[in-house]
Amino acid sequence: MIPYGKQTICPADINAVIEALSSNLITQGPKVDAFERAVANKVGAKFGVATNSATSSLHLACLSLGLSVGKRLWTSSNTFVASANCGLYCDANVDFVDIDPATYNLCPQKLKKKLIVAEKADQLPDILVAVHMCGQSCNMEAINTLAKCYGFAVIEDASHAIGAKYQNQYVGNCRYSDITVFSFHPVKIITTAEGGMAITNNIELAKAMKNLRSHGITNDPAELKDTNQGAWYYEQTALGFNYRMTDLQAALGISQLTRLDEFVERRNQLAVRYNEKLDSLPLTTTTLLIDCKSAWHLYVIQLENPSYRRHVFDVMREQGIGVHVHYIPVHTQPHYQKLGFNWRQFPTTEEYYHAALSLPLFFNMTEDEQDQVVATLSNAISSALNARIKSKR
Ligand SMILES: *Cc1c(COP(=O)(O)O)cnc(C)c1O
């Protein structure tokens, strides 16, 4: 089976983890700090807060920005459930903004329309989570302008987009957002097995997230209420969690990060090659905006005729091609239906979903494997078209 995505682990990665495993501190040690500094430096931001997953980072980001019961978080529905669940964790109300059909990202024009309506109803959002679908940045400048105008905070869910660029700068510099979140799950661009990081230029947000990452506990003398205690003393100042990353994971992350640009470059080459090879087939590929360089976490095609998506998917899986579908619209999930959402609420997201198919794309993929994917796809589409012609006769 050619998987839709997989990690690349090299001997240097393995050695880095072995070295970390032999050191005194295998969690809460120096590797976590070093990884945080390395990622922040790489993307051009001030602070990094490493966690055990991007899901945890999104939760901490929302809490540090003051999201709580009765407040509102908006995101796009074309995403992994975690981008919206972080709002529910904080007992906030979650709502969605429809996407741009060309980039599959949250559409700033649709956002503006929704904000105008929300303002009249006195229901403006407190936080917007902008998801960089497939690895291409959202139009952050437009989103930032709206954020200033309507007074909401912005979190970039860049789980797909470490190493991507927007306006010639790395995604994650937080120029147009309060916090950016990365995921280091094995299918993403670089991995720590499980892991995530929240990036920010705001020291107060960074401090709040670090505090909440570890039970809401502090032993920093500058922060203690009671300074008249021994060295054992700490205070719990908020209800936090154990969302910590281990030093083993951080060591792997530091090693992986050194190859980030190489990983993204190869993914771009493979994406360009897919675009060329798929040109004559009845499907559309992702439109890239001029000021975006995608990290290409996912290579998604949209079939011209969604009625045979299931057939194409099944045929390709049977023939060993690990195609996938990203994403089932979050608002249609049973849990979200219980909250009152339903089909037909976000039509562009739903149309996109019915036609979407993710083709395998990973750093170590060979051109032969890629040709095999294209040939299998082409045959699967032909067999679907032939079956349709026969059934019409
Ligand atoms: C993978 C992913 C997440 C969650 O990442 P974890 O590190 O697995 O928690 C969140 N949002 C998006 C868009 C993702 O793709």
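All residue numbers refer to positions in the sequence shown, counting from 1. Atoms within a ligand are numbered from 1 in the order they appear, just like the ligands themselves.
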By salt bridge (Lys or Arg N to Asp or Glu O under 4.0 Å) - contacts of Lys188 (at least two apart):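 For Lys188 there are no salt bridge (Lys or Arg N to Asp or Glu O under 4.0 Å) partners, ignoring immediate neighbours.
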Using the salt bridge (Lys or Arg N to Asp or Glu O under 4.0 Å) criterion, which residues pair with Asp13? Sequence neighbours excluded.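 Result, salt bridge (Lys or Arg N to Asp or Glu O under 4.0 Å) vs Asp13: Arg259.
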Going by the rule side-chain contact (heavy atoms from CB on, under 4.5 Å), which residues pair with Ser378 if we only count those two or more places apart in sequence or in a different chain?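 side-chain contact (heavy atoms from CB on, under 4.5 Å) check on Ser378 returns Leu281.
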Check whether the ring centres of Tyr353 and His326 lie less than 6.0 Å apart, and answer yes or no.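 Distance test on ring centres: not under 6.0 Å, no.
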Aromatic ring proximity His354/Trp343, centre distance under 6.0 Å: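 Between His354 and Trp343, the centre distance is under 6.0 Å.
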What residues come within 4.0 Å of ligand 1, counting heavy atoms only?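 If the criterion is a heavy atom under 4.0 Å, then ligand 1 touches Ser53, Ala54, Thr55, Thr79, Phe80, Ala82, Ser83, Val131, Asp157, Ser159, His160, Ser183, Lys188, Gly195, Tyr327.
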Are the side chain of Asn78 and the backbone of Tyr104 linked by a donor-acceptor contact shorter than 3.5 Å?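 Side chain of Asn78 to backbone of Tyr104: a pair is present.
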